[in-house]
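Only one structure is covered here, and it is reproduced in the block below.
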Amino acid sequence: MKKLLSIPRHGVVVSFKQSTATAQPKENLPDDTPAQPKPFIDIPGPKGMYNLPVLGNAFHFAPYLKSGGSHLYFRELNKQYGKIVRVRLGPNQTVMLFDPELISQTIANEGAYPVRRSVPIMETYVKRTKRNMLSVQNGPDWQSYRSAAQQSVKPTIIKNYIEPQAQCADDLVTWLEKYGNNNPEVKFAFMCYSADANAVLTFDKKIGFLKNSENLDPELELFLNSIRQFMALIGQSIFSLPWYRLWRTKLYMDFENATNNVYRISEKFIGEARIELLQKSKNGEFDIAESDLTVLKCLLQDNRLTNQTITDVMAAFLFAGVEQVSQALIWMFWLIGKSPEKQAKLYEEIASNIGSSPVTAANLGYLPYLKACVKESFRCVPPVASGTARVLQLDTEIGGYLIPKGTTVMFGNNTLSMSEEQFANPEEFLPERWLDSNDPQKQRQMGMCVLPFGIGKRNCMGRRFAEQEIHLATIKILQNFHVEVTDDCRYAKPTYTTFAEPDRPIKFIFDKR
Ligand code: HEM
C-alpha cells in the first residue's frame, strides 16, 4: 500500500503525487487523518465563456477596463467568490489568493527555484535574440544570475550610494524649484531622477539626466525614452492578442528596438567603467575596501562573470528600477501633498533627525515615520493591478484544494490593500497604522497584504536601492518645499496597464520653505 502524505488541515503541503492522495480508499485511513483536499475544479470562480482560453480575458476585463481598470475586476472576484478563486487569465489557469495566511503558506513552499510567469513579449524577445533576461530566466540558470547579482546588493554596499544619490536628489530639487510648479512634467523629472540614481548604481557614474535635461545628449535621450517605451509596450502587449508570437508585429518591433537600445547603451557605459577600473587596478588605485565598494566593482572583480553577464544584470536593474521608483514618488507626493498634517509630521521627523546635516546611513536609519509613509503609499496605490505571482513547481494543497503543478498562483495584494477586513478605514492615508508595535501578529498579517516588492527567494533584488532612492528624494524635497497637489489633481485615480498610472498628469505646488 502506498504511504499517505500527511496534510495539515489549514496548511499548504507540497503533495508530490496527486494520485497518491486521491487514490487512497477512505476506509483505510486512521481516524485522525486530515480531510482529503478537494479537487482543483471545485475552487469557486467564473465559469462558462469566462473560462475560454485567451478569449475569456476579453469577457473578464472589458467592462472593468472601461470603468477604471483591471484591479477592479480582481476586487469583484474576491467579493463574489471569496478568499480563493480559480480564473482563466489568458491561456493559463490561475488561482487567486485573497488571504494573507494562504499567501504566507504558499511562499513558505515556493521551492529552490521559484518561477514567476514571465511577460509573454519578453519571453518572445529572449527566444528571438538569445539574450538572457534575469526576470525571464528560471531554474538553475536564474539562480546563477541571481546569486551573482545578489552579492552586489548587500546593505554595506548600498550605503556607499547615499552620497552620490543624494546629489541626484539635489538636482531634482533644483529642477523643481525652477520648473516644478503646476507642471505636468514632474513625473518626467522624477523619472530622470531615478534614472540618475540608477545610473550611479549601474554605470558607477553620474550621468546628469536631470541637470542636462534642457540639452540632453541625443544618445541619453534615446536611452531614457527606450526605458519608458519598454514599460509602456509591455503594458500594451498584455492587453492585446499575442500575434507577435507568430510574426514580428509593429508592437513587437518597437519593443525589440527599445530593449536593444537599452542594452547597447548600457554595454557602452559598462565597457567604459570596466576600462577605467582596469586602469585604476594597473595603477594600484583599485580600492576594494568595503567603504568604497560599488555594485559594478563587486561584479567586475568576480572572475567567474563575463562582460555579458554583468551587462545582463545591470540591464535588469535598469529595466526593473527606473519607471517603478518614479511612479512610487509621484503617488507618495500625491498622498502627502493632500494630507498637510501628515506632511508636517514627516517634515518634523526629518528636521529633528537630520536638520541641515548631510544624509548618512545613521540618520537615514532612524526615520520610522518616513518608512511608514512609503509603506502606506504603496498600500493606498499598489504598484500593480493584482500582486505577486508564482507558478507552482509541484502539486500543492492550498486552502483545502489540490492545485496542480504548472498553475499560476497570484496573490491579490491590490485587493487586500484596500480590504476593510484587513485595514480599518482603507481609503484613508494613515501611515500611523504601520507604527503600532503592540500587535506584531497583526503587523505581519498587514505586511502580507501589501507586498510592493514581492516576497520570498525571487523578491525584488533592488528593494533596498529603491527605498533608499525614495527616502533620499522625499527628504530633500521636504527639506526645501512644502508640497501641495493642485485642485484639479486631488481626485486623480490609478489606472493599470503595467504599473499604477494616474488618470491625469499630477501637478504640484512646491512652496519654498
Ligand atoms: C519602487 C520601486 C520598485 C518596485 C515596486 C519593485 C517591485 C518588484 C517586484 C514586485 C518584483 C517581483 C518580485 C517577486 O516576484 O516576488 C521585482 C523584481 C525585480 N526587481 Fe524590483 N522593484 C522596484 C525597484 C527596483 C530597482 C531600483 C531595482 C534595481 C536596482 C530592481 C530590481 C529588480 C530585479 C532585478 C528583479 C527580478 C528579480 C528576480 O527575478 O530574481 N527593482 N521588483
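Atoms within each ligand, like the ligands themselves, are counted from 1 in listed order.
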### Task
Using distance alone, with no hydrogens and no angle criterion, decide if Q308 and D312 have a side-chain donor and acceptor under 3.5 Å apart.
yes

### Query
Can you list the atoms of ligand 1 that are under 4.0 Å from a heavy atom of R116?
12 (C), 13 (C), 14 (C), 15 (O), 37 (C), 39 (C), 40 (O)

### Query
What residue and atom, counting heavy atoms only, is the protein's closest point to atom 28 (C) of ligand 1, and at what distance?
G462 CA, 3.4 Å

### Message
Could you go through K297 and D204, starting from their C-alpha distance and side-chain angles, then the distance that decides it, and tell me whether this counts as salt bridge (charged side-chain N to carboxylate O under 4.0 Å, His left out)?
### Response
CA-CA 8 Å; K297 274 188 194 171; D204 251 9; 5.9 Å; no

### Query
Tell me, which protein residue and heavy-atom name are nearest atom 36 (C) of ligand 1, and how many Å apart are they?
M461 N, 4.1 Å

### Query
Under 4.0 Å from ligand 1, counting heavy atoms only, is it the side chain of R146, its backbone, both or neither?
side chain

### Query
So which of P452, P382, A320 gets nearest to atom 10 (C) of ligand 1, if we judge by its closest heavy atom?
P452

### Message
So if I apply the ring-ring contact (aromatic ring centres under 6.0 Å, His included) rule between F203 and each of F317, F269, F209, which one comes out positive?
### Response
F269

### For atom 26 (C) of ligand 1, the protein heavy atom that lies nearest, with its residue and separation
G321 CA, 3.4 Å

### Message
Closer than 4.0 Å to some heavy atom of N459 - which atoms of ligand 1 meet that?
### Response
13 (C), 14 (C), 16 (O), 38 (C)

### Message
Would R131 pass as a cation-pi partner of Y263, given that its NZ or CZ must be under 6.0 Å from the six-membered ring centre and within 45 degrees of the axis?
### Response
yes

### Query
Centre of Y252's six-membered ring, under 6.0 Å away, within 45 degrees of the axis: is that where NZ or CZ of R128 sits?
yes

### Message
Against the six-membered ring of F423, is R379 placed for a cation-pi contact (under 6.0 Å from the centre, within 45° of the normal)?
### Response
yes

### Message
Out of all atoms in ligand 1, which are within 4.0 Å of some heavy atom of L201? Include the element for each.
### Response
30 (C)

### Message
Students should be able to answer this: which protein heavy-atom is nearest to atom 35 (C) of ligand 1, and at what distance?
### Response
L134 CD2, 3.5 Å

### Task
Considering heavy atoms of the protein only, find what lies nearest to atom 13 (C) of ligand 1 and give residue, atom and distance to 0.1 Å.
R458 O, 3.4 Å

#### Entry: Which segment of L451 sits under 4.0 Å of ligand 1 when only heavy atoms are counted
neither

### Task
Give the C-alpha distance, both sets of side-chain angles, the deciding distance and a yes or no for side-chain hydrogen bond (donor to acceptor under 3.5 Å, both in side chains) between Q167 and D171.
CA-CA 6 Å; Q167 286 168 14; D171 291 349; over 6 Å; no

### K342/E376 ion pair, N-O < 4.0 Å
no

### Task
With heavy atoms of G454 as the reference, note each atom of ligand 1 found under 4.0 Å away.
10 (C), 13 (C), 14 (C), 16 (O)

#### Entry: Electrostatic pair D196-K206, nearest N-O below 4.0 angstrom
no

### Task
Check whether any N or O atom of A466, backbone or side chain, sits under 3.5 Å from an N or O atom of ligand 1, and answer yes or no.
no

### Message
Contact between ligand 1 and W142 is defined here as a heavy atom of the residue under 4.0 Å from a ligand atom; is it met?
### Response
yes

### Task
Below 4.0 angstrom from a heavy atom of I455, which ligand 1 atoms are there? Numbered from 1 as shown, please.
16 (O)

### Task
Could you check atom 1 (C) of ligand 1 against the protein and tell me its nearest heavy-atom contact, residue, atom and distance included?
Q324 O, 3.6 Å

### Message
Tell me whether E101 is salt-bridged to K83, with the criterion being a basic N under 4.0 Å from an acidic carboxylate O.
### Response
no

### Query
Any ion pair linking K371 and E467 (charged N to carboxylate O, less than 4.0 Å)?
no

### Task
State if R390 counts as touching ligand 1 under the rule of any non-hydrogen atom under 4.0 Å.
yes

### Query
Can you tell which of S152, C460, S326, G387 gets a heavy atom nearest to atom 17 (C) of ligand 1?
C460

### Query
Hey, does G456 sit under 4.0 Å from ligand 1 if you only count heavy atoms?
no

### Task
Evaluate the ring planes of F510 and F508, with Trp represented by its six-membered ring, and classify them as parallel (under 30°), tilted (30 to 60°) or perpendicular (over 60°).
tilted

### Query
Non-hydrogen atoms of N198 versus ligand 1: any pair closer than 4.0 Å?
yes

